[in-house]
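Quick caveat: nothing in here was measured; it's all calculated off a predicted structure. Note that ligands are numbered from 1 as they come in the structure, with each ligand's atoms numbered from 1 the same way. Counting from 1, the numbers follow the sequence of the chain as shown.
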Amino acid sequence: MSNVYKVKIAARLRPRIQGEIDDDSVKVCHGSDDTGGSSSSAESGSFISVINPRDQTQVFKFPLSSCYDQQSTQEEIFENDVEPLIDVVYSGVTVTIFAYGVTSSGKTHTMQGTKKDPGVIPRVVRAMFDKKTKIHQYNTSLAVSYMEIYKDDVYDLLIDRDTAPKLSVRENDAGVVFVSNLTSTPISSVAEFDAVYTQAAKRRSVGATNLNRASSRSHAVLTIEASMVDPIANITLTGKINLVDLAGSENNKLTGNDPSRMAESAAINKSLSVLGQVVHALNRGDSRIPYRNSKLTRLLQDALGGSSVGLLICNLAPGTKFRQDTLNTLNFAVRTKNVENKPVVNERDNRPAPKPHFAAVSIQPPAARPAPALVQAISTSGSGAGAGSGRSRASLVPVSRVPRVSAYGGGNGYLPFAIAGPAPGRRTTAISEKGDDVDRSGNLGIGLSEKEIDERISRAVEAEVTRRMAEREKEREKEEERRSAMEKQSTEDGPRHRSRSPKKEESLPSGVLTPLLKRHKDLDDELKMRLHELERKFERGNKEIQLADVLSPVSKKKTGRAYVALARAHSEKGDLQVALDLYRKAESYVPDNIKLKERIIEIEYAVKNDKAFVPSPKPPKKAKGKKKGKATKDYPTEDRMDVDDEEQGGDRRRAAVAEFGMELTNTDSLKRSLADREDQNIKDDDDVQTPPKRQKRSGKAKAVVDSSEDEWVPPAPAKKGKLAVVS
Ligand SMILES: Nc1ncnc2c1ncn2[C@@H]1O[C@H](COP(=O)(O)OP(=O)(O)OP(=O)(O)O)[C@@H](O)[C@H]1O
């Protein structure tokens, strides 16, 4: 696998604070040193050891690439783990650093720090400006945005608290998640940033008292975006760094009984729990990752299993009362370190887009080229990124693990990773102000109205039906010829052969076959015919089902509706066989429609018995209830299948059932009974049985796995006094 970068994990144990009881049960160790140390290094094989709170003789060991002990400085963390990422940002890649940990474990201290002891954020900004002056081939500009997620709502921290509306998180067709209308303020110096940030940070804390928003109870996301315009190559690279100070997970018992506190706490725990589920699902390689279950994970999705570079700083508190939380945090850390991202360079081609040829109008995948060598250098996965230093436009491939992209190509405006509001002068064409995909109508690529599409479907269906009918007619003629040839042959062959011919059976003197046998023979013939028909239908149906599988629910309904309309028209004209075929096709798209099934039975009966079929009149509009409205929405009045006159249709159906029995009349029943018989054979042969309980049990197992997301579950007991390695 190329270009894979694992999320990097650092852990930092903060010093004991006043009044805190620290029993030394959490230690930072480096290499063979089990006693702790003062520095950390990715190469040292460092780990955190924690004494099991339930069994003091057992020690758990969590190996992580960077472990910082109580004496570690802000500078160390920045230099070891953060500074190398600045170059990654300037290569056009998105970087996300997030601080995770229980309340008061030191997340804000690590990310923000104090004036005297600045943390990651101010250091990153300074480094960004320093680096900017060294990049000469680009015209580089920086911009900042800052938001918080409070009780699963997103607020802009760069605008006045009183006027700050809830912002919506959106995703365009290219899979880019962004915050609609988030302010992005250009900054030209560290001082300018400081002014903006100080103001915003105040808003956050003011919110804690006035508007029921507290900094420690919201997730704060600060984004510095670097736009690098290369005037010679006519491209723009956009690198970003998202600095996320997560709210602390906390024990509800400690938050007090204040209902609003409890609600905050529940929201925090829920979003962090979803974060855990996302990591767990990524580790399991699930096809569905529950990013959408919280705003936090939606916004962080690019950093977890996406196309950005991620660094998770796990903050740990030394106090005994935090021991269980420390284990939870470390458990989360070891899981996250297996999450893989596939970073891409966000590059926009500034050349005007060529006029699209009518036959090739489609949404262009984004420009993405392999992440630069710098990403390789910082990658701990060892898999290496592609070189990609050339400026030529790379092939347009989706690169993230989940089908998602970081840039929007096709000569349109660039839309950066997740957290982005509409900045002035850009991302104008790919995404509208409201975050809607401007090309929504063009999604179909051919600018047709729904009516035109329906008409086209109808025409295509009609043409296909005509073709198939002609085919069937030819087959019938051939069959007829074959049969008459056989008959001729048997007549010529004389009495010996004639005695074995079916004709002979038919010509048996009356009374030799009892009426029962006669009926048996009729049923046998009928069954053969039906089986033959079923086989053909199965083949045909398979194709329809395959097509139905790839259509959206709306398209399925539309196609089903088109078939129903055509079928109805044919049944009115008296072409019952054609109508039947069309109704069956419709069934592939709307398999659960009972009325449609009934209609099929009725027409089958009419065809079989060569009887006329009069479609039941359309029902008068019922002026009540939402329920009816819904049905009408599914099927427009003229086409919908809930139009049967129960008495008329029901009689016919009952007659059909009486005549053929369900096995012969209702294809589903026949299929089912055949399938049942098949199943039974398999069981008899192999004695394979799936106990119904099994599913129940697996359900329970899942519940255990899920619950383990939030609560640390000790691994199988290790030998007393030994280390249990959690990796
Ligand atoms: N490395 C450190 N060195 C010195 N003091 C620290 C360190 N880490 C944290 N602290 C102190 O510990 C206290 C709690 O830290 P902080 O507010 O950063 O925690 P937090 O995890 O952000 O909490 P919350 O989730 O409630 O926001 C603060 O008083 C902070 O100054």
Pro15: numbered ligand 1 atoms lying under 4.0 Å from its heavy atoms: 1 (N), 2 (C), 3 (N), 4 (C), 7 (C)
Can you classify the ring geometry of Tyr146 versus Tyr197 as parallel (below 30°), tilted (30 to 60°) or perpendicular (above 60°)? tilted
Which pair of non-hydrogen atoms, one from Asn341 and one from Ala303, has the smallest distance, and what is that distance? ND2-O, 2.7 Å
Below 4.0 angstrom from a heavy atom of Arg14, which ligand 1 atoms are there? Numbered from 1 as shown, please. 7 (C), 8 (N), 9 (C), 10 (N), 12 (O)
Mind checking whether Gly106 has an N or O less than 3.5 Å away from an N or O of ligand 1? yes
Which of the numbered atoms in ligand 1 are under 4.0 angstrom from any heavy atom belonging to Lys107? 18 (O), 19 (O), 20 (P), 21 (O), 22 (O), 23 (O), 24 (P), 25 (O)
Closest non-hydrogen contact found for Asp156 with Ala164 is O-CB, 4.1 Å
Would Lys61 count as a cation-pi partner of Phe47, with NZ or CZ less than 6.0 Å from the six-membered ring centre and within 45° of the ring normal? yes
Output for pair (Leu300 CG, Asp302 CG), nearest 0.5 Å, gives 9.5 Å
Could you see which bit of Gln70 sits under 4.0 Å from ligand 1, with heavy atoms only: side chain, backbone, both or neither? neither
Heavy-atom nearest option to atom 5 (N) of ligand 1, drawn from His109, Gln71, Gln112, Arg12: His109
Location of contacts on Val102 toward ligand 1, heavy atoms closer than 4.0 Å: backbone
Would you check, one step at a time, whether the test side-chain hydrogen bond (donor to acceptor under 3.5 Å, both in side chains) holds for Thr329 with Thr326? CA-CA 5 Å; Thr329 301; Thr326 301; over 6 Å; no
Check each heavy atom of Ser72 against ligand 1 and say whether those closer than 4.0 Å belong to the side chain, the backbone, both or neither. neither
Regarding Lys107 and Asp245, does a basic nitrogen lie under 4.0 Å from an acidic carboxylate oxygen? no
Run the numbers for me: atoms of ligand 1, each under 4.0 Å from some heavy atom of Thr108, listed by number. 18 (O), 20 (P), 22 (O), 27 (O)
I want to know if ligand 1 touches Ser105 in the polar sense, i.e. an N/O pair below 3.5 angstrom. yes
